[in-house]
Amino acid sequence: MKPKKRHVFLLWILLSSGVLAEAIEPISTTIAVGMAATLTAFIASYPNIFYYFHECCRPEWISFNYTGLKADLDSKLFGQHIATRIILKAVNGFMTNNNPKKPLVLSLHGWTGTGKNYITKLIAENIYAEGMKSNFVHVFTATLHFPHQSHYIQYKSQLQQWVKGNVTNCERSMFIFDEMDKMHPGLIDGIKPFLDYYEKLDGVSYRKAIFIFLSNAGGDSIAQTALDFWKAGQQREDIELKDLETLLSLSVFNNNKSGFYRTSLIDKNLVDFFVPLLPLEYKHVVQCIIAEMKAREMKVDEKVADQVAKDLIYFPKSERIFSIKGCKTIESKLDYYV
């Protein structure tokens with residue numbers, strides 16, 4: 001039975017009263033016994049009440065919000081029709097499956113500022129009550145956590161222990177690996193067994209965990225495809241996953257400067273989706289700026305948004321179609337213009 005807010009408030013009063021009672025002398029034994037009996041009965045009625053005061057691996061703190069994720073992707077992620085469709089279907093299918101055969105593994109690729117980190121934030125916020133601050137969301141950044149190539153073997157062992165320990169603590173853990181293009185080739189293979197179709201490994205099931213890889217690798221191939229469509233007079237929305245997925249996986253797999261170089265994760269088809277993030281056009285950058293204005297509770301000024309967007313660098317230089325940094329620097333740019 002789930003306690004109502006007023007019941008949680010009542011518990012707080014009872015606990016507070018108990019603390020205050022110890023500080024006030026004298027207090028009658030009758031009142032003290034009565035309070036203790038009331039508190040005992042209350043806790044017996046709601047044995048899980050304390051789970052509401054501290055994050056734990058339970059539905060009170062981990063519960064997928066399909067409507068919320070769809071609304072966020074539709075209204076906050078701009079110019080990414082392929083990614084929006086894949087992410088929503090993949091996460092929904094996985095989270096509503098009570099017995100998945102393997103963890104959900106997503107690999108997001110694209111230029112800087114196209115929305116890779118933002119997508120992971122939206123996913124986390126619609127699964128975990130604490131969002132990215134949740135104790136069950138773990139972020140690894142290549143240049144921070146694995147900076148020295150000479151420590152490759154040590155990192156591999158540590159990574160295995162980190163993942164195993166956290167999934168043991170909560171099967172609904174989420175792991176985010178940023179800067180995969182800067183990770184030592186072969187390091188990520190250390191967690192390959194955890195992503196495979198095993199029911200359990202050393203008594204631990206990884207099937208309900210989520211692994212998300214973020215990388216700039218493949219971004220140039222994605223941009224070139226988008227540019228080819230533009231030159232052919234085709235609409236951006238005509239680009240489909242099939243136009244990019246194979247090209248993307250091969251590009252990443254054969255890149256000897258990528259953490260995915262010759263990785264068994266790709267070779268054994270353990271990545272469920274390679275998600276391409278298209279380079280952003282001028283109109284998408286304007287949308288990002290307006291969204292940032294609203295987030296700051298500023299009055300929307302389209303002239304300022306237009307000026308900020310025009311101040312960015314675009315590719316190719318002659319046509320100025322795609323923003324090189326996407327929406328990456330708009331916060332600082334906006335500070336300059338307002």
Side-chain angles (χ1 to χ4, degrees), residues 69 71-88 106-123 178-181 212-241 243-245 247-248 251-252 273-296 300-337:
L69 180 58
D72 283 345
L73 290 171
D74 288 341
S75 63
K76 298 178 181 179
L77 186 66
F78 307 112
Q80 303 297 354
H81 65 283
I82 300 175
T84 295
R85 183 168 61 250
I86 297 173
I87 294 299
L88 188 61
L106 303 173
S107 189
L108 279 57
H109 299 263
W111 279 355
T112 296
T114 51
K116 298 184 296 294
N117 283 285
Y118 196 56
I119 288 174
T120 62
K121 177 176 178 289
L122 296 181
I123 293 174
D178 198 4
E179 299 182 340
M180 281 297 298
D181 48 305
I212 303 178
F213 303 106
L214 311 179
S215 177
N216 291 344
D220 290 345
S221 298
I222 297 170
Q224 186 60 53
T225 299
L227 183 60
D228 290 342
F229 268 72
W230 179 83
K231 288 181 176 179
Q234 295 177 274
Q235 295 296 315
R236 179 190 184 90
E237 289 70 23
D238 291 336
I239 304 174
E240 299 180 13
L241 179 61
D243 298 314
L244 293 164
E245 190 171 37
L247 175 68
L248 184 56
S251 173
V252 173
F273 292 99
F274 286 93
V275 184
L277 279 295
L278 300 173
L280 299 182
E281 298 175 11
Y282 167 82
K283 62 182 179 182
H284 305 126
V285 175
V286 170
Q287 289 177 308
C288 288
I289 298 167
I290 291 176
E292 178 64 19
M293 288 177 173
K294 292 179 179 178
R296 297 187 186 188
V300 174
D301 189 328
E302 294 186 0
K303 289 184 178 180
V304 171
D306 179 70
Q307 187 60 49
V308 173
K310 286 180 177 178
D311 195 34
L312 300 181
I313 301 174
Y314 291 83
F315 167 86
K317 289 184 178 180
S318 55
E319 291 89 352
R320 288 176 56 85
I321 303 170
F322 303 126
S323 171
I324 295 294
K325 295 184 179 179
C327 291
K328 189 77 171 181
T329 60
I330 62 167
E331 290 187 21
S332 58
K333 294 286 186 182
L334 187 58
D335 290 334
Y336 177 78
Y337 281 98

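No hydrogens, no waters, no symmetry mates; every other heavy atom, side chains included, goes into these values.
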Worksheet item: For Ile82, which of Ile222, Leu244, Val275 qualifies under side chain to side chain contact (heavy atoms under 4.5 Å, CB included)?
Response: Leu244
Worksheet item: What distance separates Leu106 CG from Leu214 CG, expressed to the nearest 0.5 Å?
Response: 10.0 Å
Worksheet item: Under the 3.5 angstrom rule, does the side chain of Lys116 hit a backbone N or O of Phe213 as a donor-acceptor pair?
Response: no
Discussion item. What I want to check is whether the side chains of Gln224 and Asp228 have a donor and an acceptor closer together than 3.5 Å.
Written reply: yes
Practice prompt. Answer yes or no: is there a donor N or O on one side and an acceptor on the other, between the side chain of Arg236 and the main chain of Gly79, under 3.5 Å?
Written response: yes
Item to complete: Decide side-chain contact (heavy atoms from CB on, under 4.5 Å) for Phe78 and Val285; before the verdict, give the C-alpha distance in whole Å, the side-chain angles of both, and the deciding distance to 0.1 Å.
Response: CA-CA 8 Å; Phe78 307 112; Val285 175; over 6 Å; no
Worksheet item: For the side chain of Thr225 and the backbone of Ser221, is there at least one donor-acceptor N/O pair under 3.5 Å apart?
Response: yes
Worksheet entry | Exceeds 12 heavy-atom contacts within 6.0 angstrom, atom CD of Gln234 | yes
Response to the item:
Rounded to the nearest 0.5 angstrom, the CD1-OG distance for Ile212 and Ser107 is 10.0 Å
Item to complete: Report yes or no: does Arg296 contribute a side-chain atom to a donor-acceptor pair with the main-chain N or O of Ala291 at less than 3.5 Å?
Response: no
Item to complete: Return yes if some donor-acceptor pair links the side-chain N/O of His81 with the main-chain N/O of Ile239 below 3.5 Å, else return no.
Response: yes
Worksheet item: Got a donor-acceptor contact below 3.5 angstrom from the His109 side chain to the Ala217 backbone?
Response: yes
Worksheet item: How far apart are the closest heavy atoms of His284 and Cys327, and which atoms are they?
Response: O-SG, 4.2 Å
Worksheet entry | Interatomic spacing from CZ in Phe273 to CD1 in Ile87 - rounded to 0.5 Å | 9.0 Å
Item to complete: Decide if atom CD of Gln235 counts as having more than 12 heavy atoms of other residues, nucleotides or ligands within a radius under 6.0 Å.
Response: no
Worksheet item: About how many Å separate CD of Gln287 and CD1 of Ile289, when rounded to the nearest 0.5 Å?
Response: 10.5 Å
Worksheet entry | OG-CG distance between Ser323 and Leu280, expressed to the nearest 0.5 angstrom | 6.5 Å
Worksheet, complete the sentence: Separation between CG (Leu77) and OG1 (Thr114), nearest 0.5 Å, reads 9.0 Å
Practice prompt. Could you tell me which residues satisfy side-chain hydrogen bond (donor to acceptor under 3.5 Å, both in side chains) with Glu331, sequence neighbours excluded, listed by chain and number?
Written response: none
